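Have a look at the structure below before the remarks.
In this text, all values refer to a predicted model and were calculated from it rather than measured experimentally. Every chain is numbered from 1 and lettered A, B, ... according to where its sequence line falls, protein lines coming before strand lines.
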Amino acid sequence: MFALVDVNSFYASCETIFRPDLKGRPVIVLSNNDGCVVACNTEAKECGVKMGGPYFKQKELFRRAGVVAFSSNYELYADMSDRVMRTLEEMSPYCEIYSIDEAFCDISGVQNCRNLEEFGREIRATLLQRTHLTVGVGIAQTKTLAKLANLAAKKWPHKTRGVVDLSDIENQRKLMAALHVNETWGVGRRIAKRLEEMGIKTVLQLADADIRFIRKHFSVVLERTVRELRGEPCLGVEEFAPTKQEILCSRSFGERLTEYEHMRQAICTYAARAAEKLRKEHQYCRHISVFVKTSPFTVYEPYYGNQAMVKLLTPTQDTRDIIAAATRCLNTIWRNGHHYQKAGVMLGDFFSQGVAQLNLFDENPPRINSEALMQTLDKINKKKGKGTLYFAGQGIQQPWQMKRAMLSPRYTTRWSDLLVMKASNSDWGSPA
DNA sequence: TCTGGGGTCCTAGGACCC
DNA sequence: TCTGGGGTCCTAGGACCC
């Protein structure tokens, strides 16, 4: 039995819990660079805010409706997420942290000693008390059905009060008949459209579809989804995160970039960041690739996007090697005269610590004390704050930095940003 | 003027091997 | 003139997720 717990409008809620003055007002959170709307609270949804839509296209609507906008404050969201997950891990034997705002809990066995819906309500109440965040809980025999149950909890908040136990088969079929096939977890826009053309419109029709037919026209992924909808578990809770296959660091620039020197700085910065993530995973990489692109939306000049990769003979985790390789990649794809919008550095082909073999034919001799140097670098940056020690190639001014014009304080992770309560006389009541 | 970032898995097709 | 069968590995691209 699985429970899917996820926080309602997570980013927007993180912003409002520290701002009681925003109660009842529409609130949205923007993506990096203040580009798109990535989260909105119920009030904002009611105003007709388009999720995923570009910010600048909706500015007029926001002004009229009094929408309060925030830049993404990942430091705050990550810390709030930790608090939620720690509580969940305390309350349930096995938890898989599926994303920043949701987790699957394996609650097999719980139904032997208590009512599942009650258990869901207890999770909800505990999280509300500890974090002031409201969650939805969906309970069922498979992950896909738990997702569906959670969706129902979101869709009918008053009727369900945020918790749905969907373990009863009759209830499953009733709900699936009422939902469109694109509301299934794992069915996106494309597959939904193809299914519809085949006459499969509701989730129930998908659950009842012939498994060989699905396998023939789609992939094993959709086959698993269908089986899961029928109550046959194909996916388990993965308590320990599997090791990553690749690491990507990419950003859009605050302003279009035309100078090679600026691009080189950006690439150095992304390479250094990717190398840091790599070491955090205790991995060494052999593939380093870089991509650059202009905006796909610009009509007055031709699009340019390109990518290059180098394969090292010996796996590395040293920022100096990764910066050097990334710069070589950049040099092969850089073209003068474009207005670049975005770039990124990707690492792949990982080896775990210890298996890295020295290569007899490698031109570069192994670096002396590379591990110790990198450890020291990471330690200092962890203790004194990100970016305390950095590489000269990253540049100092960084004119290409992303825009974050509406950033809120990092209430929970910086002393200087701590919330300050100011009491006025009236708050204390008038003296008798 | 202004359109996110970071992942996973699967499949098809080409290169190459014997 | 007639040009096989079976396999692996790699990569690019497409789909999905949050």
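Between the CE atom of A:Met402 and the P atom of B:dC2 there is a distance of 18 Å, given to the nearest Å. Going from atom OH of A:Tyr98 over to atom P of C:dC18 covers 5 Å, rounded to whole Å. As a whole-Å value, the separation of A:Asp349 CG from C:dC9 P is 13 Å. Distance A:Ile247 CD1 to B:dT8 P: 9 Å, rounded to the nearest Å. As a whole-Å value, the separation of A:Leu148 CG from C:dC17 P is 13 Å. Nucleotide B:dC2 holds its C1' atom 9 Å from the CG atom of A:Asn33, rounded to whole Å. In this structure, A:Lys277 places its NZ atom 7 Å from C1' of B:dG6, rounding to the nearest Å. We find that CG of A:Leu4 is positioned 14 Å from P of C:dC17, with the value rounded to whole Å.
Looking only at atom types and distance, the side chain of A:Ser252 has no donor-acceptor partner in the side chain of A:Asn33 under 3.5 Å away. For the residue pair A:Arg83 and A:Thr131, no side-chain donor N or O sits within less than 3.5 Å of a side-chain acceptor on the partner.
Residues A:Ile211 and A:Arg230 meet the side-chain proximity criterion, which asks for heavy atoms closer than 4.5 Å. Looking at A:Leu76 and A:Met80, their side chains come closer than 4.5 Å, going by heavy atoms from C-beta outward.
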Inset, instruction - Convert the base pairs of DNA chain C into dot-bracket notation, remembering that pairs crossing earlier ones are written with [ ] and that bases paired across to another strand are shown as |; include only Watson-Crick or G-U pairs under 3.5 Å. - result: ....||||||||||||||

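Considering only side-chain atoms of A:Val38, the nucleotide from B:dT8, B:dT11, B:dG4 that sits closest is B:dG4. Checking B:dC2, B:dT11, B:dG4 against the side-chain heavy atoms of A:Ser219 singles out B:dT11 as nearest. Listed nucleotides B:dC10, B:dT3, B:dG5 differ in distance to A:Ser250; the shortest reach to its side chain belongs to B:dG5. Side chain of A:His287, nearest nucleotide from B:dT8, B:dG4, C:dT11: C:dT11.
Counting any heavy atom pair closer than 4.0 Å across all strands shown, A:Arg404 reaches no nucleic acid atom. Contact annotation for A:Gln245: backbone-only contact, meaning every heavy-atom pair under 4.0 Å involves sugar-phosphate atoms and none involves a base. A:Asp34 comes within 4.0 angstrom of no nucleic acid atom, judged by non-hydrogen atoms across all strands.
Between A:Arg215 and the phosphate of B:dT11, there is a side-chain N or O to OP1/OP2 separation shorter than 4.0 Å. Between A:Lys57 and B:dT1, a side-chain N or O to OP1/OP2 separation shorter than 4.0 Å is absent. For B:dT3, neither phosphate oxygen OP1 nor OP2 lies less than 4.0 angstrom from any side-chain nitrogen or oxygen of A:Lys50. Of the side-chain N and O atoms in A:Gln341, one or more sit less than 4.0 angstrom from OP1 or OP2 of B:dG4. Phosphate proximity of B:dG5 to A:Lys342: present, with a side-chain N or O under 4.0 Å from OP1 or OP2. Residue A:Ser252 places at least one side-chain N or O under 4.0 Å from the OP1 or OP2 atom of B:dG5. For B:dG6, the OP1/OP2 oxygens have a side-chain nitrogen or oxygen of A:Arg251 closer than 4.0 Å.
For the C1' atoms, the distance linking C:dG4 with B:dC16 amounts to 16 Å, nearest Å.
Under the salt bridge (Lys or Arg N to Asp or Glu O under 4.0 Å) rule, A:Lys147 has a single partner from A:Glu228, A:Glu183, A:Glu102, which is A:Glu102. Remark: of the listed residues A:Tyr304, A:Tyr303, A:Tyr260, A:Tyr304 is the sole one forming a ring pair (Phe, Tyr, Trp, His ring centres under 6.0 Å) with A:His338.
Across the interface with DNA chain B, nearest-nucleotide mapping of A:Tyr11 and A:Val221 shows A:Tyr11 to be the residue nearer the 5′ end. Where A:Lys244 and A:Ser31 meet DNA chain B, the nucleotide closest to each residue was compared, and A:Ser31 sits on the side nearer the 5' end.
At a threshold of 4.0 Å, the pair A:Lys280-A:Glu276 does not count as salt-bridged, since none of the basic side-chain nitrogens sits closer than that to a carboxylate oxygen.
Taking the six-membered ring where the residue is Trp, the centroids of A:Phe62 and A:Tyr55 are separated by under 6.0 Å. Between A:Phe104 and A:Phe2, the distance from one ring center to the other does not fall under 6.0 angstrom.
The aromatic ring of A:Phe297 sits over the base of B:dT3, with ring centres less than 5.5 Å apart and planes inclined by under 30°.
The aromatic rings of A:Trp400 and A:Tyr270 stand perpendicular to each other, their planes meeting at an angle above 60°, with 30° marking the opposite boundary.
Within residues 189-198 of chain A, the residues having any heavy atom under 4.0 Å from DNA chain C are, by residue number, A:Arg189, A:Arg190, A:Ile191.
Within the 3.5 Å criterion, the main-chain N or O of A:Tyr94 finds no donor-acceptor partner in the side chain of A:Asp106.
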